[in-house]
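Computed from a predicted structure; not experimentally measured.
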Amino acid sequence: GKLETGIFNLPSRVRIEVSGETNKQPPTVVRGDQATYNKKTGTVEVYSNKTQSRVSPVTLEQGNLKAYSKLMKLQMPAEKSSSAKPMFWAIEDVKIEEWTSKPRGVKPDRYSTCGRADFDPSTQIVLLTEYPQVYQDGDTMTGEVIRILRDQDLVEVENTNAFSRGKPKK
């Protein structure tokens with residue numbers, strides 16, 4: 001790393017674990033091939049090794065959620081006493097798998113794709129943008145912005161053109 005600029009490169013097999021805010025919240029674990037840490041901004045960029053012929057995605061795991069993308073960014077608060085909370089962003093070719101049922105099956109109960117996903121561990125909200133799509137129970141949800149409220153197992157879609165031909169369940 002370069003001490004004078006505050007930029008450090010982590011060249012291989014990166015694993016970053018951020019504890020949950022409470023004992024009820026699981027830690028967030030990000031894995032990738034390489035990372036760059038900017039001490040001045042508190043930002044870490046984790047990415048795949050671009051020189052390999054087979055590129056494995058960067059992963060983020062948070063309890064029953066697993067996300068894959070080409071790049072993950074983490075914003076870490078400068079001090080533990082700070083009111084700022086850690087934030088995570090998955091960028092480019094994002095795929096998210098979630099298991100809402102127990103026991104955890106082979107296939108996820110819900111999965112999503114998008115160009116960018118913002119993860120806020122303190123609120124358990126995932127914000128999907130850049131052509132987001134959510135697939136669950138044979139349904140596909142699309143819109144400009146999709147918000148997944150993980151604590152409530154709820155999906156909110158903004159500016160959608162979705163419709164249903166089915167009859168409501170009684």
Side-chain angles (χ1 to χ4, degrees), residues 13-33 35 43-49 54-77 84-170:
R13 296 177 55 190
V14 176
R15 182 183 186 277
I16 299 170
E17 183 171 327
V18 179
S19 299
E21 244 181 80
T22 67
N23 289 339
K24 291 182 178 182
Q25 293 176 333
T28 302
V29 178
V30 176
R31 289 182 176 89
D33 293 328
T43 304
V44 181
E45 292 187 359
V46 182
Y47 43 91
S48 296
N49 187 342
R54 182 180 93 28
V55 177
S56 58
V58 179
T59 61
L60 176 145
E61 291 184 61
Q62 206 177 59
N64 66 347
L65 177 144
K66 189 166 186 178
Y68 308 85
S69 70
K70 289 187 177 178
L71 170 68
M72 294 277 181
K73 287 188 179 183
L74 296 73
Q75 180 68 50
M76 304 302 295
K85 306 290 183 223
M87 284 289 295
F88 303 86
W89 297 273
I91 301 168
E92 198 174 347
D93 293 338
V94 180
K95 181 179 180 184
I96 302 170
E97 299 175 333
E98 295 177 87
W99 288 267
T100 57
S101 61
K102 294 182 181 171
R104 187 169 168 163
V106 176
K107 293 175 74 175
D109 299 306
R110 174 172 52 223
Y111 75 95
S112 311
T113 60
C114 61
R116 177 182 168 132
D118 302 0
F119 300 86
D120 184 342
S122 65
T123 62
Q124 291 294 298
I125 293 175
V126 181
L127 187 70
L128 310 177
T129 56
E130 298 180 19
Y131 308 105
Q133 297 182 340
V134 176
Y135 306 92
Q136 182 175 357
D137 297 329
D139 294 327
T140 301
M141 295 166 264
T142 62
E144 285 185 31
V145 176
I146 297 178
R147 190 173 293 107
I148 300 172
L149 291 81
R150 295 179 57 210
D151 283 351
Q152 301 172 40
D153 194 26
L154 183 66
V155 178
E156 297 178 341
V157 183
E158 292 181 19
N159 298 331
T160 182
N161 59 2
F163 68 94
S164 175
R165 291 190 178 151
K167 294 181 182 176
K169 294 180 184 177
K170 292 185 178 182

Sequence neighbours left out, what passes salt bridge (charged side-chain N to carboxylate O under 4.0 Å, His left out) with [X]? Give chain and number order.
X      : result
Arg116 : Asp118
Glu144 : none
Lys95  : Glu97
Glu130 : none

Partner residues of Tyr111 under the ring pair (Phe, Tyr, Trp, His ring centres under 6.0 Å) criterion, sequence neighbours left out: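 Applying ring pair (Phe, Tyr, Trp, His ring centres under 6.0 Å) to Tyr111 gives Tyr135.
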
What distance separates Gln62 CD from Ile96 CD1, expressed to the nearest 0.5 Å?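 CD1 of Ile96 is found 10.0 Å from CD of Gln62.
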
With a 4.5 Å cut-off on side-chain heavy atoms, are Leu71 and Glu92 touching?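 No, too far: nothing below the 4.5 Å cut-off.
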
Qualifying residues under side-chain hydrogen bond (donor to acceptor under 3.5 Å, both in side chains), relative to [X], sequence neighbours excluded:
X      : value
Gln152 : none
Thr129 : none
Arg13  : none
Asp139 : none

Please enumerate all residues that pass side-chain contact (heavy atoms from CB on, under 4.5 Å) together with [X], with sequence neighbours excluded.
X      : answer
Val29  : Arg15, Glu17, Arg31
Ser69  : Met72, Ala90, Val94
Ile125 : Thr123, Arg147, Leu149

Short question: side chain of Trp99, backbone of Lys107 - any donor-acceptor pair under 3.5 Å?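 Yes.
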
